[in-house]
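Every chain is numbered from 1, with letters handed out A, B, ... down the list of sequences. Bear in mind the structure is a predicted one, so any value in this text is a computation, not a measurement.
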Amino acid sequence: MIHRECGVLKTTYEADMGLYPLPIAKWTVAALGVLFVVVIPLSLHEYYLSVANLVWIAVIGALGLNILVGYTGQVSIGHGAFMSVGAYTAANLANRLGSPWPVNLLAGGLMAALIGAIVGIPSLRIKGLYLAIATLAGQLIIEWTINHVTFISGGVQASIEVARPRLGPMVLSSQRDMYYFLLVFVVLGIAGTMNLMRTRVGRAFIAIRDHDIAAEIIGINIFRYKLLAFAISSFYAGVTGVLYTYFLGIANYEQFQIGVSIDYLAMIIIGGLGSVLGSIFGAIFVTLLPIVIRYAMEAFGGIFFAPQTVLNLIPNLRLMLFGALIIFFLIVEPEGLNRLWRNIRSYFRVWPFAY
Amino acid sequence: MKQFLAIATALVLAAGSLLTAAPSHAQAKGDVVIGLQCDRTGPTQIVGTVLCPGFHDYIALINSKGGVEGRQIKALEIDHEYKVPPGIEAYERHKKEGAVTMAVYGTPHIYAMAAKLTEDRIPGTSPGFGSAAAADGIRYPYIFPIAATYWSQGAAAVDFVKKQLGGSLKGKKIAFIFYDNPAGREPIEVLEDLSALEGFQLKTFAVPPPGVEMGAQVLDIAQRYRADFVIGHLFGGAPSVSIKEFKRVGYPLRKFVSFVWGAGEANIEGAGGFAVAEGYYVMQFAGVGTDYPVLNEIREMYKKQGKPAPKEMASTVFYNRGVLIAALHVEAIRNALKAKPDGKITGEDTKKGFEKISNFTLGGLVPPLKVTPTDHEGGGLVQIWQVKGGKFEKVTDWFAAYQDVVAKHIKEAGAKK
């Protein structure tokens, strides 16, 4: 991330594939670890942690979607629904069997993976926009099913309350508890994705994205790997749904509608397709930017407008600014915030001797 | 150029991170804070853009008259676009600012906040939306529907239809056209019970979201099923479409009664105006029209400031609901401050304050609610109004019906979970 790499001479393939390209990277990660595990949660007010929690949930979902869209090149507008599959699986297990959260989490993820793989079947025949529409159909079918089948949704209200997760005698309910709870899964998600991309599976995904016919010719089983990509990606989505359910204390169908799928797609496109850091940047950007804009409007809006006008203006202007900033960043760097970050880094790497 | 842009964006990002880190502007000492969530930009903005100004105007009126028990009220508004994560953020921000009551807006939002409200012991209101089971104050101690829930609305609608059809529903045919989401389906169980009780035939017609396509259902109701009366429960733009469609197939609108979210001026105007909707019955949980003392006071307040009354006041249905919600929050705070002379009130005190609200009518704009520790709905009172001669005319006074049936469902819902 933030380091110089003069004189790096690697002599083995293992070294070249290492997660830490340089020893200093370990220190960067350690410093970030201290920041996120000690400094932030212990120094900030619960409110900021609640915002961080929303970001964490978004990061896990975005990572999962990026595996499918960014790394494998298969579009999905169904991730909101996959999240709901995870959420309702976990909520039903928790309420009917009283199973503990780790079991529900895993079951929610696996069920979402299964459903995701089924929705992914059309990807074997169609690509691009056509696949987008097929997954959109998946989203709508799942939404409809949860909405109407009371066995799944737990009644006409389509919402199931779940108890807070417990860790031994401790009940995780405050935003600070949730922060640590979610952080564990963020770390697992990041490490999982990074490692996945170093394996044969990950390489196969990238090969399929770059050219699926060529990939098939070099011996990659397209059928298997496309469905696997859908399954892994949906597993992440399912886990996101379960975490969201435990975070809120309820699984509710209106929290996973099509708008959510679009939001996650926006995150990875703004952040950068096919990169872990991009998913994180995108999740942060989409979650935090509206909040930052509102704070700015609250601070400076009063200078230009009457208070009542400001109240009406803030939400509208926020939407406009949000849209404008997305366009701005995409024009500046179509490959997303991750690329922008790398450009900034490479600029400063040789600074002040640019030539 | 590329380098310049890189630096520029780095600076923008840095500035952004500084802004987030900056502490929020401190509230004035001694203000009582209400957390107000709004939707001025999302799918239900036709409600939010009018309801929220109503809320603020009432608070401003109270403050201009010296506040509550000498304390000023501050309504901190955050718009959440009807999305849940911004709603969570809004809730936590309000909590940080010390809000003692939360005016939540949106069914998914009240669900998402239910656990938090109870853990944090801050009362949240869900007037006219949310889960009907939340009327149970024992099971949901910190959620206050404070207006007729969909179950009470369904019961009231059947009672109204019964009176319209000559006092008996035996063998009559009632159609229920609803928006096909959890909130839309919620009243069906009560309607089914009442159909067994009163001996009428009930048929339900689902309108899939986003509710702009219902030609087939309306034709079915009017031509094949030939309903004696229609009860409508639609949201957003759907009520306007339903008025147009029923008009098109020639079904008389005086045989149609709409639940509270199809009852605003905007819904009528969206259908082509009051002339088109002549005869249409609507259900209200707040008084309609401009003729209430509190609204005169608000106009007076604006006049004193040398400003014209806000244009939102013309849309009386949603504006008055905003006033009603604000007034009930203020009453809860007033009761809490009265009970605690030192003025240090928390969410627990305002919860008790809500539970003391009784016969507070604001000159007829608010129904004579009686909120108790067990009944957070306050009696499920509604009025029926009708579109007549270019405006809404009152047809019935405040009434509630079949409260025993509704109570049975609330009890069952409480026992289930």
Tell me, side chain or backbone of [X] under 4.5 Å from chain A's heavy atoms, or both, or neither?
X         : value
Lys95(B)  : side chain
Asp39(B)  : neither
Glu119(B) : side chain
Asp120(B) : neither
Glu189(B) : side chain

Met301(B) and side chain to side chain contact (heavy atoms under 4.5 Å, CB included): which single residue from Arg299(B), Lys304(B), Gln305(B) fits?
Gln305(B)

Which of [options] touches chain B most, by non-hydrogen pairs under 4.5 Å:
options                                   : value
Pro315(A), Gly249(A), Gly259(A)           : Pro315(A)
Ser173(A), Ser346(A), Ala158(A), Ala58(A) : Ser173(A)
Gln257(A), Glu143(A), Arg318(A)           : Arg318(A)

Can you tell me which portion of [X] sits under 4.5 Å from chain B's heavy atoms? Options are side chain, backbone, both or neither.
X         : result
Asp263(A) : side chain
Asn252(A) : side chain
Leu54(A)  : side chain
Gln175(A) : both

Would you check if His56(B) and Leu36(B) make a side-chain contact, meaning some heavy-atom pair closer than 4.5 Å?
yes

Distance flag, aromatic centroids of [Y] and [X], threshold under 6.0 Å:
X         : Y         : result
Phe329(A) : Phe285(A) : yes
Phe36(A)  : Trp56(A)  : yes
Tyr179(B) : His233(B) : no

Show your reasoning for whether side chain to side chain donor-acceptor pair (under 3.5 Å) applies to Thr44(B) and Tyr105(B).
CA-CA 10 Å; Thr44(B) 58; Tyr105(B) 182 79; 3.2 Å; yes

Is the terminal nitrogen or CZ of Arg96(A) (NZ for Lys, CZ for Arg) located under 6.0 angstrom from the six-membered ring centre of Tyr88(A) and within 45° of that ring's axis?
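No.
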
Look at the rings of His45(A) and Tyr48(A) and say which category their plane angle falls in: under 30° parallel, 30 to 60° tilted, over 60° perpendicular.
perpendicular

